[in-house]
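Below is one structure, written out as structure tokens; the observations come after it.
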Amino acid sequence: MLETWIHRPFQFLGMIGSRRKARLIFRQFLEEGMATEEQLAHVACPVGLDIDSRTVPEIAVSILAQFIQKRAETLPPVERPVGIQ
């Protein structure tokens, strides 16, 4: 799947897997000319915020939290009334 999506425009692209798996896959992509280092640098792997997830539901929450975080980075700042943080 990554081979298909890496060449398309995207706001966020993540890959489930360990850092070791990412190194192996990214090395293969580079060696076989499937992607550049610049393209791979934009892939979040392992995907999800580092919240020490251990269960499948916790991993899902960490991934959704990262999606929300990336979306928020593209939105204009929210104006909050004075005194509310």
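Within 6.0 Å of CD in Glu3 there are 12 or fewer heavy atoms belonging to other residues, nucleotides or ligands.
Met1 contributes atom CE, which lies 12.5 Å from atom CD1 of Ile6 (distance to the nearest 0.5 angstrom). Atom NE2 of His7 is separated from atom CG of Leu2 by 8.5 Å, given to the nearest 0.5 angstrom. The line from OG of Ser18 to CG of Leu24 is 7.5 Å long, rounded to the nearest 0.5 Å.
Taking Gln11 as the reference, Thr74 meet the side chain to side chain contact (heavy atoms under 4.5 Å, CB included) condition, with sequence neighbours excluded. Taking the ring pair (Phe, Tyr, Trp, His ring centres under 6.0 Å) definition, one finds that Phe10 meets it with nothing, sequence neighbours left out.
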Without placing hydrogens or testing angles, list every side-chain donor-acceptor pair under 3.5 Å for residues 40-64, not counting sequence neighbours.
residue : atom : partner : partner atom : Å
Asp52   : OD1  : Arg54   : NH2          : 3.4
Asp52   : OD2  : Arg54   : NH2          : 2.9
Ser53   : OG   : Glu58   : O            : 3.2
Thr55   : OG1  : Glu58   : N            : 3.2
Glu58   : OE1  : Arg54   : N            : 2.7
Glu58   : OE1  : Thr55   : N            : 3.2
Ser62   : OG   : Ile59   : O            : 2.8

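Between the Gln39 side chain and the Thr36 main chain, a donor and an acceptor come within less than 3.5 Å of each other.
For the pair Glu37/Phe26, no side-chain contact is recorded, criterion being any heavy-atom separation below 4.5 Å from C-beta on.
Note on Leu30 and Met15: same hydrophobic cluster, where clusters join Ile, Leu, Val, Met, Phe, Trp and Tyr whose side-chain heavy atoms are under 4.5 Å apart, directly or indirectly.
Shortest non-hydrogen contact noted between Lys70 and Phe12 is CG-CD1, 3.3 Å.
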